[in-house]
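Nothing here was measured: the structure is a model prediction, and the numbers come from that model.
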Amino acid sequence: MVMNSKINSVFNKVTLSILLIGGVSSHALASDSVGVAEKVENSTQSADQIVTNVREPIDEVEGNITRFISAQQQQLTRANLANQFKFYSGVAMIPVTQDNAEWAVYRGLALNEAVAKAREEYLTTLNRDFATETVQEFFRVRGLEEPSASDFQSPTKFGQLMDKAIALVDGAMMSQLDDMGIPSAEFRSAPPQKQQNLMRDYFETRTISRAYGDLSGLFVTKTFESYDSSGRGTVGVVMVLSNTRRDHVVDLIESEGQVKPTPERADARYANVSQAIANEPNKFLNKGVHLRYDEKGYPMLVAYGQAGVPYSADPDERYYERRAASEFAESDAWSALAASYNLSGDYAKQDIQAKVRSQDRTTTLVGPGTTSTSTTSVQNNIRTMVENSSSMTASLKGLTGVSVEHKWREQHPTTGQEVSGVVLVWHPTKVRESIALQRGVHESEVHRQTQAVDAPSTTEGASESFESESFFNFADF
C-alpha cells in the first residue's frame, strides 16, 4: 500500500502539472402529391431562417426545426405520403464572438457538424447492437498498519527514482504556480501525505451500443441559424430520408449520361445554369445536393459547398485566405456529391453510471519522526460518463460530367465576415460529351448524337412510358 501511495503521488503530481501546462390512381391527385413531395425536398431558403439578438440561440434553432418538421409531416399526411419520408436533424454551436477573426470558419465547421449529427441520428437506428453489464465490487480491510515516519523515506533505487521524478515535476509545476499568482513556497511547504483505502463499495451499470449502415439516402432540405448580440450562435439542419431519391441519384451517376429528359419537369430558369445559380438568394443557406431540371427537362445534380474566410486586414493574407477558402468550399461540394451517392457510417456509444462508497485513512508527516493520522467518514459519490463516436465515409471513382458552375463570396449578414462558396453541377449531356470525346468522336458527331437522344419518341405507347417516367420522378421524392 505504501508503494502504491508513492506511485499515486507521482501520478497525481504529473497530472496536475499537465493540467497547469497545457400512391393514388387519379392523375390529379398524383400531381398534387408530386407537388407536396417537391416542396418537402426543395424547401425555399429564406433570410428569415437567420435570427439575431436572441437570448438562447440553440432554443430558437431547435424550435424552428421542430415546427418545420411538424409542418412537413402534416402536408405529407394529407397527401398520404407520410410513410415515404423520415426527417432527421442536427444542431451545432458557434462558440466564438463576431470579433474572432475565424468566426466564419467556426460557422462553416458548425454547419458540417450539424449535418454529421443529423446523419448520426439516422445511423443509430441501423443494425443496432446493444449490450449492458453491471459491476459490483466490495473491499474492506481492518488492522492495516499505519505508515510510520520511516515509510516516508526512499531507501530503494525505485523509490529514489520516484523521488527524482516527483522533484522534476515539482520544478515545472512550481514555475507555473508562480506565473498563475499562486505562492509556490506555500504549496511546496505542504507536508507529505500517504493515503490508504480502508473500504470501497462500488456498483456500476454500463451500456455499450454500436450501429452501422448505409447513409446515402439523406439529403439536406433546410438550414437554420440563430445568433445572440455578440455573434455567438447555433446552426441547424433538417435532412430528409428518401431511399427512392438515393436510388435515383445512383442511377443517374451510373447511367453514363444515357438519361432521357422529362419535358413536363423542364424549368426555364435553368436554360443558363450558371446564371440561374448565380441569381439564387441567400447562397450561404444552401447546403448538400439538390435535384434540379434544366429547360429541356434533363435532371441535374447540384452540389453546394461553402467555407468560411478568416478575416485579415492585410491585403496579401486576405487574398490567400480567400483562395484557400474557395478550395475548401469546392471540396465541401464534392463531399456532398459523394455522400449522396455512397456514404456509410459506424457508430459506437458507451455510458456508465456508478455509485461509490469509500473510506480512506490519511497519514501526514508533520515533523522529523512524527506523523499524524486521520480517517474520513464514509464518503458517497455518484459518477457518470457518456462517450460516443461516429465515423462516416463516402467515395466517388471515375465520375465525369461534373463542372464548377458558380463561385461566390459574400458577407454573412450577422457579422459581416466572408463566406466563400462553390456550386458543382452534374449534367447527363456533359457525361455523354466527355465519354464521346475521350473515345475520339468528332465534336459534330457528339452534337448529333446528343440531339438524337434528346429527340422525343413518337412510338405508340409513349404516353404510358412517359407517365411511368413521371411516376418514377415522383417516387424519387
(request) Please answer whether the main-chain N or O of Ser420 pairs with a side-chain N or O of Lys407 as donor and acceptor at a distance below 3.5 Å. (result) no

(message) Going by side chain to side chain contact (heavy atoms under 4.5 Å, CB included), Arg119 matches just one of Leu218, Leu241, Val237. Which one?
(response) Leu218

(request) Locate the shortest heavy-atom distance separating Ile94 from Ala110; write the atom from each residue and the value. (result) CG1-CB, 3.9 Å

(request) Calculate, to the nearest 0.5 Å, the distance between atoms CD1 and NZ belonging to Ile435 and Lys430 respectively. (result) 14.5 Å

(request) Could you grab the distance from atom NE2 of His290 to atom CZ of Arg292, nearest 0.5 Å is fine? (result) 6.0 Å

(message) Treating Asn243 as the side-chain partner and Arg246 as the backbone partner, does any N or O pair qualify as donor plus acceptor under 3.5 Å?
(response) no

(message) Any non-hydrogen side-chain atom of Val356 less than 4.5 Å from a side-chain atom of Asp201?
(response) no

(request) Identify the heavy atoms of Val115 and Met239 that sit nearest to each other, and give their distance. (result) O-SD, 3.9 Å

(message) Looking at Asp294 and Lys296, is any side-chain nitrogen of the basic one under 4.0 Å from a carboxylate oxygen of the acidic one?
(response) no

(message) So Ser216 and Tyr341, do their side chains get closer than 4.5 Å, heavy atoms only?
(response) no

(message) What I want to find out is whether Glu387 reaches Lys349 closely enough, with some N-O distance under 4.0 Å, to be called a salt bridge.
(response) no

(message) If we count only N and O atoms by modelled type, under 3.5 Å, do the side chains of Ser312 and Glu321 hold a donor and an acceptor together?
(response) no

(message) Surrounding CD of Glu410 (heavy atoms of other residues, nucleotides or ligands, distance under 6.0 Å), is the total greater than 12?
(response) yes

(request) Start with the C-alpha distance between Val422 and Val404, add both sets of side-chain angles, then the distance that settles side-chain contact (heavy atoms from CB on, under 4.5 Å), and finish with yes or no. (result) CA-CA 7 Å; Val422 172; Val404 175; 3.9 Å; yes

(request) Look only at the side chain of Thr125 and the backbone of Glu121, and say whether a donor-acceptor pair between them is shorter than 3.5 Å. (result) no

(message) So for atom NZ, which belongs to Lys117, do other residues, nucleotides or ligands contribute more than 12 heavy atoms lying within a distance under 6.0 Å?
(response) yes

(message) For a 4.5 angstrom cut-off between non-hydrogen side-chain atoms, does Trp408 reach Val419?
(response) yes

(request) May I ask you to test the Lys355-Ile382 pair for a side-chain heavy-atom distance under 4.5 Å? (result) yes

(message) Do Val425 and Leu301 make a side-chain contact, defined as non-hydrogen atoms from C-beta onward lying under 4.5 Å apart?
(response) no

(message) Counting the benzene-type ring for Trp, do His406 and Tyr304 have ring centres under 6.0 Å apart?
(response) no

(request) Verify whether one side chain among Asp214 and Ser344 offers a donor that lies under 3.5 Å from an acceptor in the other. (result) no

(message) So which atom in Ile65 and which in Ser89 form the shortest heavy-atom distance, rounded to 0.1 Å?
(response) CG2-CB, 3.6 Å

(message) Using modelled atom types and a 3.5 Å cut-off, is there a donor and acceptor pairing between side-chain atoms of Thr262 and backbone atoms of Glu264?
(response) no

Using distance only, find each side-chain donor-acceptor pair of residues 202-210 under 3.5 Å and give its atom names and separation, not counting sequence neighbours.
residue	atom	partner	partner atom	Å
Tyr202	OH	Glu204	OE1	2.4
Glu204	OE2	Arg206	NE	3.0
Glu204	OE2	Arg206	NH2	2.8
Arg206	NE	Glu133	OE2	3.3
Arg206	NH1	Gln350	OE1	3.3
Thr207	OG1	Asp351	OD1	2.5
Thr207	OG1	Asp351	OD2	2.9
Ser209	OG	Arg128	NH2	3.1

(message) Once rounded to the nearest 0.5 Å, what's the spacing between atom CG of Asn80 and atom CZ of Arg78?
(response) 11.5 Å

(message) Do the side chains of Lys287 and Asp332 get close enough for a salt bridge, i.e. N-O under 4.0 angstrom?
(response) yes

(request) Kindly determine whether Leu291 and Arg245 satisfy side-chain contact (heavy atoms from CB on, under 4.5 Å), including the steps that lead there. (result) CA-CA 9 Å; Leu291 182 63; Arg245 163 57 69 86; 3.6 Å; yes

(request) Measure the spacing between NZ of Lys222 and CG of Leu285 and express it to the nearest 0.5 Å. (result) 8.5 Å

(message) Please check this pair: side chain of Asn100 against backbone of Val96, looking for a donor-acceptor N/O pair closer than 3.5 Å.
(response) no

(request) For residues Phe284 and His412, establish whether the separation of their ring centroids is below 6.0 Å. (result) yes

(message) Tell me if the centroids of the rings in Tyr227 and Trp103 come within less than 6.0 Å of each other.
(response) yes

(message) For a quick test of reading the model, state the closest non-hydrogen atom pair linking Thr77 to Ala82 and the distance between them.
(response) OG1-CB, 3.8 Å

(request) Kindly say whether Thr66 contributes a backbone atom to a donor-acceptor pair with the side chain of Ser70 at under 3.5 angstrom? (result) no

(message) Do Ile253 and Leu399 have side chains that approach each other closer than 4.5 Å (heavy atoms only, starting at C-beta)?
(response) yes

(message) Is it the case that the side chain of Ser326 and the backbone of Arg323 share a donor-acceptor pair, with hydrogens and angles ignored and the cut-off at 3.5 Å?
(response) no

(request) Applying side-chain contact (heavy atoms from CB on, under 4.5 Å), run through Asn83 and Leu76 and close with a yes or a no. (result) CA-CA 8 Å; Asn83 294 329; Leu76 292 170; over 6 Å; no

(request) Scan Val289, Val273, Ile277 and name whichever one has a side chain to side chain contact (heavy atoms under 4.5 Å, CB included) with Val302. (result) Ile277

(request) Give a yes or no on whether Arg200 atom CZ has more than 12 heavy-atom contacts from other residues, nucleotides or ligands under 6.0 Å away. (result) yes

(request) Please step through side-chain contact (heavy atoms from CB on, under 4.5 Å) for the pair Arg107 and Gln306, ending with a clear verdict. (result) CA-CA 10 Å; Arg107 176 194 170 272; Gln306 59 177 277; 2.8 Å; yes

(message) If we count only N and O atoms by modelled type, under 3.5 Å, do the side chains of Ser403 and Glu405 hold a donor and an acceptor together?
(response) yes

(request) Check whether any side-chain N or O of Asp346 sits under 3.5 Å from a backbone N or O of Tyr212 as a donor-acceptor pair, and report yes or no. (result) no

(message) Using side-chain heavy atoms (C-beta onward) and a distance below 4.5 Å, is Val238 in contact with Val220?
(response) no

(request) Report the distance from atom CZ of Arg67 to atom CZ of Phe224, rounding to the nearest 0.5 Å. (result) 8.5 Å

(request) List the atom of Ala271, the atom of Glu295, and the distance in Å for their closest heavy-atom pair. (result) CA-OE1, 3.4 Å

(message) Side chains of Asn342 and Leu396, heavy atoms from C-beta outward: is any pair under 4.5 Å?
(response) no

(request) Decide whether Ser390 and Glu120 meet the rule of one side-chain donor and one side-chain acceptor closer than 3.5 Å. (result) yes

(request) Would you give the length of the straight line joining atom CZ of Phe328 to atom CG of Leu109, rounded to the nearest 0.5 angstrom? (result) 9.5 Å

(message) If you compare all heavy atoms of Val105 against all heavy atoms of Gly308, which two are closest, and at what distance to 0.1 Å?
(response) CG2-O, 3.7 Å

(request) State whether the side chain of Gln417 and the backbone N or O of Gln98 hold a donor-acceptor pair below 3.5 Å, judged by distance alone. (result) yes

(request) Determine whether more than 12 heavy atoms belonging to other residues, nucleotides or ligands lie under 6.0 Å from atom CG of Asp314. (result) yes

(message) Listing request: all ring-ring contact (aromatic ring centres under 6.0 Å, His included) pairs with a residue in residues 105-128, at least two apart in sequence or in separate chains.
(response) Tyr88-Tyr122

